[in-house]
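Comments concern the structure below.
Source: prediction; values computed, not measured. All chains are named by letter (A, B, ...) in the order of the sequence lines, taking the proteins before the strands, and each is independently numbered beginning at 1.
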There are 2 protein chains.
Amino acid sequence: MSSIREVSRVAGVSIATVSRALSTPEKVSKKSLRKVQEAVEKVHYRPNMMARNFRAARSHSIVVLVPNLANLHFATVIRSLEEEAHKNGYSVLLGDTGGSEERDQEYMNLVETRQADGAIQLLAHAKGAPPPPDHIAIVNACGAEDTPYACVRIDNAEASKTVVDYLISLGHRRIGVISGLKSNPHSIDRLKGYTQALSNAGIPFDANIVVEGDFTIASGLNAANHFAAMKNRPTALFCMNDEMAIAAIQGLRNHDIKIPEEMSITGFDDIEFSRISDPPLTTVSQPAKEIGKVAMRTLLKKINGEGIAQETIVLPHELIVRKSTALAQKQKG
Amino acid sequence: MSSIREVSRVAGVSIATVSRALSTPEKVSKKSLRKVQEAVEKVHYRPNMMARNFRAARSHSIVVLVPNLANLHFATVIRSLEEEAHKNGYSVLLGDTGGSEERDQEYMNLVETRQADGAIQLLAHAKGAPPPPDHIAIVNACGAEDTPYACVRIDNAEASKTVVDYLISLGHRRIGVISGLKSNPHSIDRLKGYTQALSNAGIPFDANIVVEGDFTIASGLNAANHFAAMKNRPTALFCMNDEMAIAAIQGLRNHDIKIPEEMSITGFDDIEFSRISDPPLTTVSQPAKEIGKVAMRTLLKKINGEGIAQETIVLPHELIVRKSTALAQKQKG
DNA sequence: CTGAAAGCGCTTACAG
DNA sequence: CTGAAAGCGCTTACAG
């Protein structure tokens, strides 16, 4: 409650001197400094950051847009994002959009109305999306190919191809997919890697074994039921994230389908649960922490008007082979 | 960039009229209103919320302190918290403390320096902790008993007792524990329920089978190894959250211990993964969304100076019986 | 219904 | 080194 004015009164100096004592103590005499410090103590002065930020025209906040905070990959990226922000004196405003375009807009308004200095989006934009207005600092963490935004991501297509190549190397030829929403740019990029791997191996694409999920456990379970009921079932499943993959394992097991003996399953992200699923999940890891750190640094640079070397930064992924995949059975017909 | 001043210039009215047209249009003539609206369009005016908030002495932000965003129970509470905040025109500032006292302090400073109007803590305070200063609006979601803060929570002791009672009803007499950090108030409350259930059943407490974890998957795995190596192993394990329980299941299985045949396992929270662990986890559910919603509402009331009916709100828990628990084997010695 | 003015809490040229 | 003053963008009594 007490302002700089009260401090000045108690210290017997002007508010200008108080301000200087607080922010640039070297510009103030020892004596004034001491008087101010004592007064600050006495009146329990705490600076009003709203005033400070307002005057500096810097909110020192970043809004982070995420479709689903309860997705462990995103949660991990955000932790790292937040840590990096904190180190640089910034706070993060959480914007869980639940996948809604409208919410996304509302949160972007925070930066338009200067409640935030910039934004980081953890969702990928549709390919045709218009680039953000110039006055808005924004970076896309976990983005997709061809996004018109500055972007920090892995090569989703390549990563997917790596996993599917691995399945093919195990002898699988009929490889199903549990994808995210088909309109989701991540789904599109990852499907691209899948079809590439297939075509390289001369395996025809079969749309019937690509089932749409939405990156949630529930959708993985649904998809599993669908595959279980299929007559000509795939021998392997490429799942576009770990949540759906782990759900699929359990969903399939509910139908007495053995993993990996009867079906190999792969995930995407390498969340911690993948280590302790049964069987442990073969997946491709994303450097979630690194993505968060680099994305925040990139955004902060943008905000501070420092040039950014590259608009798109692609970080390495890694195939993690565990026990949910096995050689295709030599069963015929 | 354009301020209310530019709008006033373009519209040919005073800034007071512009301000009124924007916030209380009924106090302005139709003609002025139209002129202002046109000018707003023309100069792409967006209000500067930093100025607005500063003047109103309301940041319209809430800081949410959480020890670990990547904990699924917390993530779920936060989503709900945030949704409720959003509905009321508030934003949430994320404060992931990683369990550090220091970080906690730093984030609480946001409210002291008026970058936030209040705080919600998802961690429980130590019993002896001093109550928060009066001028700070704060509520504890997921708190512990006897916290000196306004608090929305389940009855942790009772919920724990319910689970352990259930294990006892299955014939288990040697029931191990994987706890959180022993200093953590949740651990304390939950251990209380455990010992109560034991003593009600006339089972002596054995400190050797209470192993300390920290609510993470890694610590669950460690604890599992510890139990696996034990000569006189418990027949059941009460784990203080689901992450540790699911990790324990897998950790134990790595030692060829069958769940639930050789050991029953229970969790706490009922995160979504509990449905798809193998076997699905018997646990006690917390109404995470409800906790978040009620906590935010309570805080907002506090901020607006509306009286709060009760300082502590206890929400119901529920025992969820799945397949990770079974009758104790009639094995002797 | 309207405008001129004060003021929210700070910082920073400017003059001394 | 110090203080008086202006100003950041808004809102709101106050007078008309």
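Using the Watson-Crick or G-U wobble rule with both distances under 3.5 Å, C/dG16 pairs with D/dC1.
Distance A/Arg5 CZ to C/dT11 P: 12 Å, rounded to the nearest Å. Whole-Å rounding puts the B/Arg114 CZ to C/dC8 P distance at 13 Å. Spacing between atom CG of B/Leu22 and atom C1' of D/dG9 amounts to 12 Å, rounded to whole angstrom units. The CD1 atom of A/Ile4 sits 16 Å away from the C1' atom of C/dG7 (whole-angstrom rounding). For the pair B/Asn53 CG and D/dC8 C1', the computed distance is 15 Å after rounding to whole Å. If you take CZ of B/Arg58 and P of D/dT11, they are 16 Å apart, rounded to a whole angstrom. D/dT11 atom C1' lies 12 Å from atom CZ of A/Phe54, rounded to whole Å. Rounded to whole angstrom, the span from the CE atom of B/Met49 across to the C1' atom of D/dT11 amounts to 13 Å.
Within the structure, every pair that satisfies the salt bridge (charged side-chain N to carboxylate O under 4.0 Å, His left out) test and touches residues 13-34 of chain A, not counting sequence neighbours, is listed here: A/Arg34-A/Glu38.
Side-chain atoms of B/Arg20 come within donor-acceptor range of the base of C/dG3, with a qualifying N/O pair under 3.5 Å.
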Self-check item: Intermediate values then yes/no, salt bridge (charged side-chain N to carboxylate O under 4.0 Å, His left out), A/Glu311 and A/Lys302
Solution: CA-CA 10 Å; A/Glu311 275 288 294; A/Lys302 256 182 143 73; 3.4 Å; yes
Quiz item: What's the verdict on side chain to side chain contact (heavy atoms under 4.5 Å, CB included) for A/Thr76 and A/Ile271, showing C-alpha distance, side-chain angles and the deciding distance?
Solution: CA-CA 9 Å; A/Thr76 308; A/Ile271 62 176; over 6 Å; no
Quiz item: Should A/Glu106 and B/His86 be marked as a side-chain hydrogen bond (donor to acceptor under 3.5 Å, both in side chains) after you check the CA-CA gap, both sets of side-chain angles, and the distance that decides it?
Solution: CA-CA 10 Å; A/Glu106 289 170 11; B/His86 188 80; 2.4 Å; yes
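Enclosure of atom CD in B/Glu306 by more than 12 non-hydrogen atoms of other residues, nucleotides or ligands within 6.0 angstrom is indicated. Residue A/Lys35 places its NZ atom among more than 12 non-hydrogen atoms of other residues, nucleotides or ligands, all under 6.0 Å distant.
Residue B/Ser3 is classed as a sugar-phosphate contact, given heavy-atom separations below 4.0 Å to backbone atoms only. Looking at heavy-atom distances under 4.0 Å, B/Ser32 makes contact with sugar-phosphate atoms alone, never a base. Within the 4.0 angstrom heavy-atom criterion, only backbone atoms of the sugar-phosphate kind lie near B/Arg52; the bases stay farther away. Looking at heavy-atom distances under 4.0 Å, B/Ser29 makes contact with sugar-phosphate atoms alone, never a base.
At C/dG3, one or more side-chain N or O atoms of B/Thr17 fall inside 4.0 Å of OP1 or OP2 (strictly under the cut-off).
Not a single donor-acceptor pair under 3.5 Å links the side chain of A/Asn156 to the backbone N or O of A/His186. Under the 3.5 Å distance criterion, the side-chain polar atoms of A/Ser80 are matched with a main-chain donor or acceptor of A/Lys293.
Closest to the side chain of A/Ala16, out of D/dT11, D/dA5, C/dA4, is D/dA5. In this structure, the nucleotide among C/dG3, D/dC10, C/dG9 sitting nearest to the side chain of B/Asn48 is D/dC10.
Annotation: of the two residues near DNA chain D, B/Ile15 and A/Val13, the 5′-most nearest-nucleotide partner is A/Val13. Nearer the 5' end of DNA chain C, as judged by each residue's closest nucleotide, is the contact made by B/Lys27, out of B/Lys27 and B/Ala51.
The gap from the C1' atom of C/dG16 to that of C/dT12 amounts to 16 Å, rounded to the nearest Å. Taking atom P in both D/dA15 and D/dT11, the straight-line distance is 22 Å, to the nearest Å.
DNA chain C lies under 4.0 Å from no heavy atom of any residue of residues 36-46 of chain B.
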